[in-house]
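Input: a single structure, listed below in structure tokens.
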Amino acid sequence: LIGVQHQVKKTCAADMRLVSADQFHLTLQFLGDVSDDQLSALKDALMGVHVKPFEVCLGPLGVLPHKKQIRIIYVDLISEHLAGLAQDIA
């Protein structure tokens with residue numbers, strides 16, 4: 001992912017700030033605003049999810065919110081295990 005990040009910066013003329021690799025994350029489900037009570041319940045539920053290591057393939061790049069005002073560049077991850085994991089935490 002770091003290589004993809006640097007290639008995008010080299011290719012784009014826009015002035016962009018790269019996040020460090022320790023800030024990379026995987027979003028399985030976006031929750032929006034969560035209350036403290038909900039957060040506590042979510043943490044408890046997620047502690048019960050156990051995942052064995054698995055491989056992913058890099059998919060296409062995307063942007064948010066839209067192409068004319070890019071705030072975030074993301075890469076899709078492709079893996080049959082991700083869909084199952086997303087269902088397990090839903």
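A quick note: this is a predicted structure, and the numbers were derived from the prediction, not measured.
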Does a side-chain heavy-atom distance below 4.5 Å link [X] with [Y]?
{"X": "I72", "Y": "V63", "result": "no"}
{"X": "I78", "Y": "V56", "result": "no"}
{"X": "V75", "Y": "Q5", "result": "no"}
{"X": "L85", "Y": "V49", "result": "yes"}
{"X": "L31", "Y": "L42", "result": "yes"}
{"X": "K10", "Y": "V8", "result": "no"}
{"X": "V4", "Y": "L58", "result": "yes"}

Determine, using the 4.5 Å side-chain heavy-atom cutoff (strictly less than), whether [X] and [Y] are members of one ILVMFWY cluster.
{"X": "L28", "Y": "M47", "result": "no"}
{"X": "L26", "Y": "I73", "result": "yes"}
{"X": "I70", "Y": "V19", "result": "yes"}

*Donor-acceptor side-chain pairing of S35 and Q38 below 3.5 angstrom*: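 Judged by distance alone, the side chains do pair up.
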*asked:* With side chain to side chain donor-acceptor pair (under 3.5 Å) as the rule and sequence neighbours excluded, what pairs involving residues 62-75 come up?
replied: none
*Find the distance between SG (C57) and CG (L82) and round it off to the nearest 0.5 Å.*
10.5 Å
*Mind checking the NE2-CD1 spacing from H6 to I2? Nearest 0.5 Å is all I need.*
6.5 Å
_Greater than 12 external heavy atoms within 6.0 Å of Q29's CD_ = yes
*Minimal non-hydrogen separation, K9 against M16, with atom names*: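 Taking K9 first and M16 second, the nearest heavy atoms are NZ-O, 2.8 Å.
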